[in-house]
Amino acid sequence: MTIIASDCVINMEQVQLIHMENGDLVFDVIDGAIRLTNCPENALPQIAMAIAQDKKFLEMEDAKLVVTGGTNED
């Protein structure tokens, strides 16, 4: 499944864990995390339902990528 936000696309095959932290939706991946802000409060249930229904994508139009440092920085 693919999550489509306002300014990024997240391939769920790369995601190991999804959780909410300080109101942000966080996708943990192998070498760091992807953080989206401005997500709906029911974002986790929306994702769970989309996965259960085997949907190909889920749109979160208002969600925005929060750019932070990664673990692979030089």
Side-chain angles (χ1 to χ4, degrees):
M1 186 175 75
T2 302
I3 304 287
I4 302 171
S6 65
D7 55 358
C8 69
V9 175
I10 301 169
N11 179 353
M12 292 298 291
E13 290 181 16
Q14 306 299 318
V15 176
Q16 296 177 327
L17 177 71
I18 308 168
H19 59 97
M20 296 294 287
E21 184 178 288
N22 299 325
D24 294 345
L25 187 60
V26 180
F27 299 84
D28 290 339
V29 293
I30 291 172
D31 62 347
I34 300 167
R35 181 179 295 268
L36 296 180
T37 189
N38 202 30
C39 295
E41 289 182 18
N42 67 341
L44 286 176
Q46 282 184 28
I47 293 169
M49 190 64 102
I51 291 170
Q53 294 174 347
D54 200 28
K55 293 193 175 187
K56 301 295 181 201
F57 64 90
L58 176 65
E59 290 186 65
M60 293 189 175
E61 294 178 354
D62 296 331
K64 296 184 189 280
L65 178 66
V66 177
V67 179
T68 59
T71 58
N72 292 332
E73 289 186 10
D74 292 336

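Note that the coordinates shown come from a computational prediction; the quantities given were computed from them, not determined experimentally.
- Note on I51: it does not cluster hydrophobically with L17, by side-chain heavy-atom contacts below 4.5 Å among ILVMFWY residues.
- Note: the hydrophobic cluster containing I18 does not contain M49 (ILVMFWY, side chain heavy atoms under 4.5 Å, direct or indirect links).
- With sequence neighbours left out, N11 forms a side-chain contact (heavy atoms from CB on, under 4.5 Å) with E13, Q14.
- E61 CD: 12 or fewer foreign heavy atoms inside a 6.0 Å radius.
- Criterion: ILVMFWY side-chain heavy atoms under 4.5 Å apart, direct or through other members. Under it, M12 and L25 are part of a common hydrophobic cluster.
- Looking at D7, its side chain never comes within 3.5 Å of a backbone N or O of K64 through a donor-acceptor pair.
- Residue I4 belongs to a hydrophobic cluster whose other members are F57, with links defined by side-chain heavy atoms closer than 4.5 Å.
- Taken together through direct or relayed side-chain contacts under 4.5 Å among Ile, Leu, Val, Met, Phe, Trp and Tyr, I10 and L65 form part of one hydrophobic cluster.
- In this structure, the separation between OG on S6 and CD on E59 is 11.5 Å, given to the nearest 0.5 Å.
- Taking the side chain as every heavy atom from C-beta outward, V29 and I34 approach each other to under 4.5 Å.
- By the rule that hydrophobic residues join a cluster once side-chain heavy atoms approach within less than 4.5 Å of another member, F27 and V67 end up as members of one cluster.
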Side-chain donor-acceptor distances from residues 36-47 under 3.5 Å, at least two apart:
{"residue": "T37", "atom": "OG1", "partner": "D24", "partner atom": "OD1", "Å": "3.3"}
{"residue": "N38", "atom": "ND2", "partner": "D62", "partner atom": "O", "Å": "2.9"}
{"residue": "N42", "atom": "OD1", "partner": "Q46", "partner atom": "NE2", "Å": "2.9"}

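- Heavy-atom minimum distance, K55 versus M1: O-CG, 3.4 Å.
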